[in-house]
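Keep in mind it's a predicted model, so treat the numbers as computed, not measured.
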Amino acid sequence: MSYEDDDIVVLTTADGEEVEFVEIAGIAYRGNFYAILQPVELLDGMDDDEALVFKVERNARGEDNFLIETDEEIIDAVFTEYNKLLDKELNKR
């Protein structure tokens, strides 16, 4: 599968390894911004249709920091918002 460069987000792990993700969606929820990202190459323990939720925060230099979200309630809520957006788009067609 090919992706536009704009859709690719490269994150660095704590070990210094770079991992490429495809940005599936950006979701605003309760005053915060979250990104739904899917790894370009399958990560250990993930199925090929799974995605991760990251909270996006701006640092002092104006750069985006992606923090993996671990709160299951927030993850569920972000995916619910994403599904609502998908439903709206499908109903427009």
Glu57: partners by salt bridge (charged side-chain N to carboxylate O under 4.0 Å, His left out), with sequence neighbours left out: Lys55
Phe54: ring pair (Phe, Tyr, Trp, His ring centres under 6.0 Å) partners, not counting sequence neighbours: Phe21
Sequence neighbours excluded, every pair satisfying ring-ring contact (aromatic ring centres under 6.0 Å, His included) that has a member inside residues 55-83: none
Hphob cluster co-occupancy, Val53 + Val10, side-chain heavy atoms under 4.5 angstrom: yes
Glu20 side, atom CD; Ile8 side, atom CD1 - distance, nearest 0.5 Å: 5.5 Å
Identified side-chain contact (heavy atoms from CB on, under 4.5 Å) counterpart of Leu37 within the set Leu11, Val22, Ile68: Leu11
Listed pairs under 3.5 Å, donor-acceptor, residues 42-52 side chains, sequence neighbours left out:
unit_1 : atom_1 : unit_2 : atom_2 : d
Glu50  : OE1    : Asp47  : N      : 2.5

Any pair counted as salt bridge (Lys or Arg N to Asp or Glu O under 4.0 Å), so long as it reaches residues 70-83, sequence neighbours left out: Glu81-Lys84
Pairwise distance OG1(Thr80) to CD1(Ile75) - rounded to 0.5 angstrom: 11.5 Å
Sole residue of Asn32, Val56, Leu85 in side-chain contact (heavy atoms from CB on, under 4.5 Å) with Ile27: Leu85
Residues that Glu63 engages under side-chain hydrogen bond (donor to acceptor under 3.5 Å, both in side chains), provided they are two or more places apart: Asn59, Arg61
With sequence neighbours excluded, residues passing side-chain contact (heavy atoms from CB on, under 4.5 Å) with Thr13: Asp15, Glu17, Val19
Contact list for residues 25-48, test ring-ring contact (aromatic ring centres under 6.0 Å, His included), sequence neighbours left out: none
Pairing residues for Arg58 by the side-chain hydrogen bond (donor to acceptor under 3.5 Å, both in side chains) criterion, not counting sequence neighbours: Asp64
